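Bear in mind the structure is a predicted one, so any value in this text is a computation, not a measurement.
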Amino acid sequence: VKRPMPPPLKRSKIAERIGPGESSYTRYDNEIMEKACAWLKAKGENRKGPPWTLMCSFVCPHPPHIAPPEFYDLYDIINFPAPKLSDPDVPLHPWIYLLQRARNHEDFLTPQTKKVLMNSYYGCVSYLDSNIGKVLAALDEAGLRDNTLIVYTTDHGDNLGTRGMWGKSTMYEESAGIPMIMAGPDIPSGKVCDTPVTLADGFPTYVHSTGAAFNAADATLPGVSLIDIANGLIPQRTILSEYHAAAAVTGASMIRHGQYKYVHYVGLPPMLFDLQADPYERSDLGRNAQYASVI
């Protein structure tokens with residue numbers, strides 16, 4: 001690889017700011033939860049108003065991974081397994097190798113601090129779950145559940161030590177894959193949908209849910225209503241993700257098509273994974289001649 005190596009980290013906040021306690025983010029999330037619950041209570045007391053939408057944006061489990069003690073303690077007794085492919089001798093694609101070296105939090109962690117970090121991360125996730133539960137309880141108490149569409153999603157996942165990487169920025173499932181969960185009117189209950197979707201589907205979904213008319217200028221925007229997809233629509237399209245930001249030595253673009261995930265790197269070999277046969281993306285087929293036609 002002839003591309004220059006990005007400068008390495010001089011310290012790692014991901015490795016340093018961990019453990020039980022409070023942070024500005026946990027306090028922020030608590031305030032968001034309380035204000036959302038109060039807002040819903042007021043809506044329940046005045047149901048004659050126009051249709052409404054509420055975006056309740058929580059930060060946890062974003063770093064710093066500092067979990068309120070009662071949630072940290074839920075996981076303190078668990079011996080977490082080593083992250084997959086974390087052996088330093090595991091071969092990495094050149095783009096991934098350079099990203100890992102530039103954002104090398106791994107070298108700042110010990111076996112003990114890794115355990116604390118994992119406890120903290122999962123504790124922050126449970127703290128998030130608790131706050132979401134309180135908002136949903138407030139929705140129920142306000143008597144608004146039956147005619148409200150609820151959408152839960154996020155912007156990215158976390159490598160969480162896989163391949164020696166912590167944070168986001170990759171096209172692997174643990175980073176690029178996100179939750180997308182819906183409940184409410186016109187949404188089938190208990191249904192799992194395997195049609196790939198994207199955050200760009202949010203906009204048409206929210207417009208659809210309010211019953212508002214689409215602006216003619218929006219006709220060319222990407223995205224399909226998730227309400228339609230939940231009810232059986234399978235759009236003929238390819239899902240795209242891109243990354244061009246911190247520590248990337250070149251642009252990266254990923255598409256999902258059927259069982260395959262293809263990652264294109266400008267000036268570097270591509271990656272290809274068969275997610276049906278290899279859901280944990282252990283075998284990169286991007287330079288396998290047998291898959292040239294797929295690529």
Side-chain angles (χ1 to χ4, degrees), residues 1 3 6 61 80-106 118 121 125 153-181 192-201 222-224 226 229 234-295:
V1 178
R3 297 179 182 275
F80 289 98
K84 68 180 187 289
L85 303 175
S86 57
D87 187 317
D89 295 327
V90 170
L92 298 176
H93 183 281
W95 193 93
I96 299 297
Y97 172 78
L98 292 173
L99 180 77
Q100 195 276 342
R101 297 310 300 171
R103 290 291 180 266
N104 187 15
H105 302 283
E106 181 81 2
M118 298 292 277
Y121 183 86
V125 171
T153 190
T154 185
D155 53 347
H156 59 79
D158 197 295
N159 292 297
L160 211 60
T162 304
R163 300 175 183 84
M165 291 183 289
W166 302 84
K168 49 184 179 180
S169 308
T170 75
M171 296 300 173
Y172 292 114
E173 287 297 280
E174 51 267 12
S175 175
I178 59 171
M180 185 72 82
I181 305 170
V192 177
C193 177
D194 61 5
T195 302
V197 296
T198 170
L199 287 170
D201 296 327
V224 176
L226 295 167
I229 292 176
I234 302 177
Q236 298 304 304
R237 61 178 184 172
T238 300
I239 294 299
L240 171 70
S241 293
E242 297 178 89
Y243 186 74
H244 309 280
V249 293
T250 188
S253 302
M254 179 270 282
I255 59 172
R256 284 285 307 277
H257 188 77
Q259 72 198 70
Y260 292 105
K261 172 191 284 189
Y262 171 82
V263 187
H264 173 78
Y265 298 108
V266 176
L268 292 172
M271 293 199 302
L272 179 73
F273 297 98
D274 182 341
L275 294 180
Q276 182 173 305
D278 179 27
Y280 295 110
E281 300 168 289
R282 299 176 186 273
S283 179
D284 177 9
L285 308 172
R287 286 169 278 186
N288 187 324
Q290 296 180 18
Y291 290 85
S293 61
V294 174
I295 291 173

Do you know the tightest heavy-atom contact between Val224 and Asp201?
-> N-OD1, 2.8 Å

Verify the neighbour count for atom CD1 of Ile234: are there more than 12 heavy atoms of other residues, nucleotides or ligands below 6.0 Å?
-> no

For Arg287, check salt bridge (charged side-chain N to carboxylate O under 4.0 Å, His left out) against everything at least two apart and list the hits.
-> none

Audit row: Val263, Trp95, side chain to side chain contact (heavy atoms under 4.5 Å, CB included) steps and yes/no = CA-CA 11 Å; Val263 187; Trp95 193 93; over 6 Å; no

Taking every heavy atom of Leu99 against every heavy atom of Ala246, the minimum-distance pair comes out as CD1-O, 4.0 Å

Do the non-hydrogen side-chain atoms of Leu240 and Ser253 ever get within less than 4.5 Å of each other?
-> yes

Assess whether side chain to side chain contact (heavy atoms under 4.5 Å, CB included) is satisfied between Met165 and Arg103, documenting all intermediate values.
-> CA-CA 8 Å; Met165 291 183 289; Arg103 290 291 180 266; over 6 Å; no

Looking at Lys168, His156, Arg163, which hits side-chain hydrogen bond (donor to acceptor under 3.5 Å, both in side chains) with Glu174?
-> Arg163

Heavy atoms of Ala252 and Met171 approach each other most closely as O-CE, 3.8 Å

Spacing of NZ belonging to Lys261 relative to CG belonging to Leu285, to within rounding of 0.5 Å | 12.5 Å

Considering non-hydrogen atoms only, spot the tightest contact between Pro179 and Thr154 and give its length.
-> CD-CG2, 3.3 Å

If only atom types and distance count, is the side chain of Asp158 paired as donor or acceptor with the main-chain N or O of Gly167 below 3.5 Å?
-> yes

Looking only at non-hydrogen atoms, find the nearest pair between Val125 and Pro61 and report the distance.
-> CG2-CG, 3.8 Å

Backbone N or O of Gly157 within a donor-acceptor pair of the Ser175 side chain at under 3.5 Å?
-> no

What pairs with His105 under side-chain hydrogen bond (donor to acceptor under 3.5 Å, both in side chains), at least two apart in sequence or on another chain?
-> Ser12

Could you pull out every donor-acceptor pair under 3.5 Å between side chains of residues 265-280 and any protein atom, sequence neighbours left out?
| from | atom 1 | to | atom 2 | distance (Å) |
| --- | --- | --- | --- | --- |
| Asp274 | OD1 | Gln259 | NE2 | 3.1 |
| Asp274 | OD1 | Gln276 | N | 3.1 |
| Asp274 | OD1 | Ala277 | N | 3.2 |
| Asp274 | OD2 | Gln259 | NE2 | 2.9 |
| Asp278 | OD1 | Glu281 | N | 3.4 |
| Asp278 | OD1 | Arg282 | N | 3.0 |
| Asp278 | OD2 | Arg282 | N | 3.0 |
| Asp278 | OD2 | Ser283 | N | 2.8 |

To the nearest 0.5 Å, how far apart are CD1 in Ile255 and CZ in Arg237?
-> 13.5 Å

side-chain hydrogen bond (donor to acceptor under 3.5 Å, both in side chains) with Thr162: which residues, sequence neighbours excluded?
-> none

Ser169 and Tyr243 have their tightest heavy-atom pair at OG-OH, 3.2 Å

Check side-chain hydrogen bond (donor to acceptor under 3.5 Å, both in side chains) between Tyr262 and all other residues, then give those that pass, not counting sequence neighbours.
-> none

Are the side chains of Cys193 and Leu226 in touch, meaning some heavy atoms are under 4.5 Å apart?
-> no

Separation between CG (Leu92) and CG (Leu98), nearest 0.5 Å, reads 10.0 Å

All side-chain hydrogen bond (donor to acceptor under 3.5 Å, both in side chains) counterparts of Gln100, not counting sequence neighbours = Asn104

